[in-house]
Structures are given as structure tokens and as C-alpha cells.
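These notes are about the structure you will find just below.
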Protein chains: 2
Amino acid sequence: MTQATAKTLPDAPPETRPDAAALRLAGSDATRVREAARAHAREAPGQDPDLPAYDLIELFFFAYRDFVGDPDRILDDYGFGRAHHRVLHFVARNPGLTIAELLEILRITKQSLNRVLKELIEKGFVEARPGTTDRRQRLLFVTEAGGSLALRLSRLQTQRIGRALADIPAEGRSAVADFLLAMIDPGERDAVARRVDGPGEGS
Amino acid sequence: MTQATAKTLPDAPPETRPDAAALRLAGSDATRVREAARAHAREAPGQDPDLPAYDLIELFFFAYRDFVGDPDRILDDYGFGRAHHRVLHFVARNPGLTIAELLEILRITKQSLNRVLKELIEKGFVEARPGTTDRRQRLLFVTEAGGSLALRLSRLQTQRIGRALADIPAEGRSAVADFLLAMIDPGERDAVARRVDGPGEGS
DNA sequence: GCCTATACGTCAGCCTTGTTGACATATCTC
DNA sequence: GAGATATGTCAACAAGGCTGACGTATAGGC
């Protein structure tokens with residue numbers, strides 16, 4: 001997981017690439033240009049696609065890396081990876097989830113899902129029961145152990161989020177949530193929004 | 001394989017588990033409790049670790065997935081993956097970057113790095129030159145093609161970010177940046193902040 | 001001018017987690 | 001009863017992490 005992007009320095013087109021030293025020790029001219037571009041980018045963030053939002057791109061990258069890093073360490077003790085985490089999380093959050101629904105959420109193949117799901121079941125963290133109305137389906141639930149682990153991992157991540165939000169005023173906090181939601185593909189935004197707040201019930 | 005390292009998996013007594021139907025069709029009592037908890041979580045997001053911030057956890061997950069999904073499609077045409085993207089990005093952003101520095105940023109092993117870096121060099125997207133002061137080092141630069149690709153990918157991601165920020169007021173935007181920065185491990189926050197705005201120069 | 005530490009490359013093998021393709025089984029629906 | 005659907009499974013493969021071991025060139029201290 002994990003990823004980033006790229007860039008050509010606005011003031012340094014690659015073909016004109018000066019020497020290494022020259023680039024690194026770029027004089028005050030280049031510095032001034034860069035400063036101006038940066039200031040502009042701050043006013044109209046992402047509005048001008050010619051000025052990539054390098055700051056947010058990289059912040060997002062590093063933030064996400066640390067965000068998933070917390071659980072990773074714990075999962076390791078159980079012999080689980082991120083894939084297990086995702087499955088465990090969504091099953092915990094959506095009791096009675098169907099295989100098909102889970103595949104839809106995770107967007108992986110059933111073979112990939114089955115590998116980790118099988119392990120979660122064998123180790124007693126997840127349980128599958130035949131559907132009541134449609135007995136071909138397998139409804140997924142976390143066991144007590146699974147629920148505890150899922151909760152523990154969620155709390156870990158929640159703590160990091162809590163620390164990050166601590167110094168942010170209320171309006172800023174909703175801006176963060178709005179931003180994250182708006183980063184999602186428009187087509188699935190609604191589905192995610194619905195799933196995110198209150199999966200247990202239509203409410 | 002998956003072995004629970006030196007750990008006795010806490011057994012999950014299936015008998016304690018409530019029935020599937022009971023869980024899914026939880027009555028209005030449960031619904032009311034859930035509503036209350038959700039409202040509370042909105043006021044004090046992440047402050048109470050007993051109430052996981054499920055919304056932000058999941059939003060972050062889905063947002064990041066779509067965020068890296070854009071470049072993925074393009075990279076595919078070049079036979080590159082996310083690993084290539086990361087390398088290309090940081091080399092483009094930090095001309096003259098050293099192998100050691102890149103390893104530091106990416107936090108992967110040199111063997112992993114070398115695999116993708118070699119491909120990027122062979123395909124003419126990245127170039128390595130011996131260091132001037134220390135000739136053991138290899139200073140990395142993007143070629144013209146590399147710069148273009150990097151820029152193209154950054155613009156793609158910038159567009160998504162721009163759309164996401166479009167409806168967010170100025171204060172909210174800085175809150176987003178603050179949030180992302182604060183999500184990063186405190187220890188490396190400074191290093192990232194420095195790298196993020198203006199890697200070319202100490203400025 | 002050595003000698004050691006450092007920067008980097010490389011070979012070999014392993015793991016996780018994703019993929020495709022083909023096929024099996026149970027159950028639902030018409 | 002026939003066909004669609006939900007799921008499981010076998011086999012093979014790829015990307016991108018990892019460890020361990022070892023090789024080479026250069027820097028730097030003495």
C-alpha cells in the first residue's frame with residue numbers, strides 16, 4: 001500500500017537539466033520562483049493542474065503509511081497481514097455481511113479474499129453461517145476474539161486520528177471529513193457515505 | 001504460512017454469540033444507542049478511544065485507495081507499478097537524490113528498491129550519475145521522459161485533490177493539511193514537513 | 001600507503017497479496 | 001427439471017516486500 005507521485009520542478013524543465021550541484025545549490029532566482037509558485041498553490045490549491053499539489057500528495061502518502069503502520073505491528077503477532085485486517089474490520093463493522101458484499105467493498109477477487117478469510121475462520125476470529133433466506137450465502141460475523149481484535153485495532157487508529165484532530169477547530173474537523181469523502185470517486189461516494197455512518201442499520 | 005507466534009489464540013466461545021438475525025435486525029433500542037454514540041463521536045472525535053472513529057478510518061481507507069488508483073492505470077501502460085511510481089516521484093521531486101536518501105524516504109530495503117530502480121533506469125525514466133564530492137554515491141535524476149511522466153501523474157492526483165478541496169473554505173483547507181501532517185509519526189513530522197515544501201532548497 | 005568503514009550492487013530464496021482461468025457444488029428461481 | 005447464482009477450490013503466476021550473504025569501489029583516518 002502505499003504510493004506517491006512525481007514532479008518536475010516548475011523552474012527546472014528536465015531537458016534543461018543543469019548539473020547536479022547546480023540544481024541542488026540553485027541560486028536565489030530559482031528559489032524565488034519556487035516560492036512564488038508555492039504561494040500561488042496555497043491560494044488556489046489544485047485549481048491549476050500545472051502546479052501540482054506536491055505538499056498534499058506527499059502528506060497523504062506519509063500519513064497513510066503511518067496510519068496503517070500501527071495495526072501492522074499488532075497483526076504481526078497473530079500472523080496476520082493487512083489483508084486480514086481489512087476483512088476483519090469490515091466484517092466487524094457489518095455483521096452478517098455476505099461474501100459478495102465483502103468482495104464489492106474490498107474490490108479483490110474471491111480467490112484472494114478466500115485465502116485470508118479461510119485463515120481468519122480457522123483461527124477463530126470470524127465465523128460464517130448459512131444465510132437464512134438464501135442458504136447459498138454465507139453470512140460473516142466476528143467471533144468474540146475477532147471482535148476484540150478489531151476493536152483494539154480501531155482504537156489504535158482512532159488514537160492517532162484523535163491526536164491529529166486535537167489541535168484542529170471544529171469547522172476544520174468537518175472539513176477533513178468532507179475532504180476525505182470528496183477524494184473518493186463520485187460514483188461510489190454515496191455508497192461509502194452510507195456504509196460509513198451506521199452500517200448496522202438504515203437508521 | 002500463518003502461525004500464531006507463541007500466542008495462544010483466545011478461544012471464541014460460539015455460544016456467547018447472539019444470533020445472526022438478532023444482530024442484524026437489532027431493534028430500535030440498539031439503533032438509539034448507536035445514534036447517541038455517533039453523535040458523541042462527532043463532538044469529540046477520537047478523544048474517547050472507546051468510541052472508534054469508524055467514519056474517518058474508513059474514509060481514509062477509501063480515499064487513499066482512489067487517490068492511488070488514478071496513477072495506477074497510467075503506470076500500467078508503461079509496465080510500471082506503484083513501487084515505480086514512488087521512486088519516480090521522489091527522484092523527480094528531489095533531483096540529485098542519493099540511494100541512501102531514497103531508501104530513507106521509502107523505508108524499503110535496497111534490494112527492493114534496486115529492482116524497480118533498475119527498470120526505471122533501463123527504460124530511460126531515471127538516470128544515475130556518480131556523485132561529485134563522493135564518487136561512491138549515485139545521484140539520481142529523472143530524464144525528460146521521466147519528468148514528463150512524473151508530472152503527468154502528479155497532475156492527475158492534483159486534479160483529484162483540487163476537486164476535493166473545491167467546496168472547502170480556506171480555513172478548512174489548511175485544516176486538511178494540518179491534519180495530514182499530524183497523522184504522521186511525531187518523530188519524522190519535521191523531516192517530512194521540510195521535504196514536502198521545497199525539497200530543492202533549504203529556502 | 002594501508003586498512004577499515006561506507007555506499008552501493010547482486011544473487012538466491014522466501015512471504016504476502018493480488019491476478020487469471022477452469023471447474024465443482026449447493027441452492028434458488030422459473 | 002433447467003438454468004442462474006453464491007460460493008469454494010485448484011493451479012499458476014506477478015508484484016513487491018523481506019532476509020542473508022557476499023562483492024566492489026571509494027573515502028577517510030592513521
Side-chain angles (χ1 to χ4, degrees), chain A residues 1-4 20 65 68-69 71-73 75-89 91 96-123 126-140, chain B residues 1-3 5 61 65 68-69 71-73 75-89 91 96-123 126-140:
Chain A
M1 0 275 124
T2 24
Q3 335 349 44
R65 181 220 263 165
V68 294
D72 278 359
R73 279 165 237 133
L75 290 158
D76 222 50
D77 297 341
Y78 294 82
F80 291 150
R82 270 179 215 180
H84 300 86
H85 184 194
R86 290 194 280 268
V87 171
L88 181 63
H89 173 89
V91 171
L97 199 65
T98 268
I99 299 286
E101 290 167 342
L102 192 45
L103 288 176
E104 170 83 7
I105 293 175
L106 298 177
R107 296 250 202 90
I108 58 178
T109 60
K110 64 176 172 176
Q111 294 91 328
S112 293
L113 170 59
N114 219 266
R115 187 160 37 203
V116 297
L117 181 56
K118 207 190 294 181
E119 290 172 1
L120 283 167
I121 292 176
E122 279 167 4
K123 291 192 180 175
V126 168
E127 199 189 3
R129 309 186 208 159
T132 46
T133 75
D134 185 338
R135 295 185 40 213
R136 289 171 304 180
Q137 297 180 325
R138 294 172 76 204
L139 307 187
L140 303 173
Chain B
M1 283 282 143
T2 46
Q3 60 275 32
T5 332
F61 168 69
R65 181 221 261 164
V68 293
D72 279 358
R73 279 165 235 132
L75 290 159
D76 223 49
D77 298 341
Y78 295 80
F80 291 148
R82 271 180 214 180
H84 301 85
H85 184 194
R86 291 194 282 268
V87 171
L88 181 64
H89 172 90
V91 170
L97 199 65
T98 271
I99 299 286
E101 289 167 342
L102 192 46
L103 288 174
E104 171 83 7
I105 293 175
L106 299 176
R107 297 250 202 92
I108 59 177
T109 60
K110 63 177 174 178
Q111 294 92 327
S112 294
L113 170 59
N114 219 266
R115 187 161 37 202
V116 297
L117 180 56
K118 208 190 294 181
E119 290 173 1
L120 283 168
I121 292 177
E122 280 167 3
K123 292 191 181 175
V126 169
E127 196 187 2
R129 310 187 209 156
T132 47
T133 74
D134 185 339
R135 296 184 40 214
R136 290 171 303 179
Q137 296 180 328
R138 293 172 77 204
L139 307 187
L140 303 173

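Below, chains carry the letters A, B, ... as their sequence lines are ordered, and counting in each starts from 1.
Between A:Glu119 atom CD and D:dT9 atom P there is a gap of 13 Å when expressed in whole angstrom units. Distance, A:Leu113 CG to C:dT17 P: 12 Å, rounded to whole Å. Separating the CG atom of A:Leu103 from the C1' atom of D:dT5 is a distance of 14 Å, rounded to the nearest angstrom. As a whole-Å value, the separation of A:Leu117 CG from C:dT17 C1' is 15 Å. Between A:Leu97 atom CG and D:dT7 atom P the separation is 10 Å, expressed in whole Å. Atom P of nucleotide C:dT17 and atom CG of A:Asp76 are separated by 10 Å, given to the nearest angstrom. If you take CG of A:Leu106 and P of D:dT7, they are 14 Å apart, rounded to a whole angstrom. Rounded to whole angstrom, the span from the CZ atom of B:Arg115 across to the C1' atom of D:dC18 amounts to 9 Å.
Regarding contacts with the backbone of C:dT16, every side-chain N or O of A:His84 stays at 4.0 angstrom or more from both OP1 and OP2. A close approach under 4.0 Å does not occur between any side-chain nitrogen or oxygen of A:Arg107 and OP1 or OP2 of C:dT19. Under 4.0 angstrom from either OP1 or OP2 of C:dT19 there lies at least one side-chain N or O belonging to A:Ser112. The phosphate of C:dG18 has neither OP1 nor OP2 within less than 4.0 Å of any side-chain N or O from A:Thr109. OP1 or OP2 of C:dT10 lies within a sub-4.0 Å distance of a side-chain N or O belonging to B:Asn114.
With DNA chain C read from its 5' end, the first of the two nearest nucleotides for B:Gln137 and A:Val116 is the one closest to B:Gln137.
The ring-ring contact (aromatic ring centres under 6.0 Å, His included) search around A:His85 returns none, not counting sequence neighbours. Under the rule for a side chain to side chain contact (heavy atoms under 4.5 Å, CB included), the partners of A:Lys110 that lie at least two apart in sequence or sit in another chain are A:Leu103.
Of the inter-residue distances, the one linking A:Leu88 atom CG with A:Leu75 atom CG reads 8.0 Å to the nearest 0.5 angstrom.
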Contact state string [nucleotides 23-30 of chain C, B base, S sugar-phosphate only, - no protein heavy atom under 4.0 Å]
---BBS--

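Distance alone, capped at 3.5 Å, is enough to place a donor-acceptor pair between the B:Lys123 side chain and the B:Tyr78 backbone.
Under a cut-off of 6.0 angstrom, the local environment of CD in A:Glu104 is sparse, with at most 12 non-hydrogen atoms contributed by other residues, nucleotides or ligands.
Between the side chain of A:Gln111 and the base of C:dG21, at least one donor-acceptor pair of N or O atoms lies under 3.5 Å.
Of the candidate nucleotides D:dC18, D:dT7, C:dG18, D:dT7 has the atom nearest to the side chain of A:Thr98.
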From CA spacing to verdict: side-chain contact (heavy atoms from CB on, under 4.5 Å), B:Asp76, B:Asp72
CA-CA 6 Å; B:Asp76 223 49; B:Asp72 279 358; over 6 Å; no

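Across all non-hydrogen atoms, the minimal contact from B:Gly96 to B:Leu139 is O-CD2, 3.5 Å.
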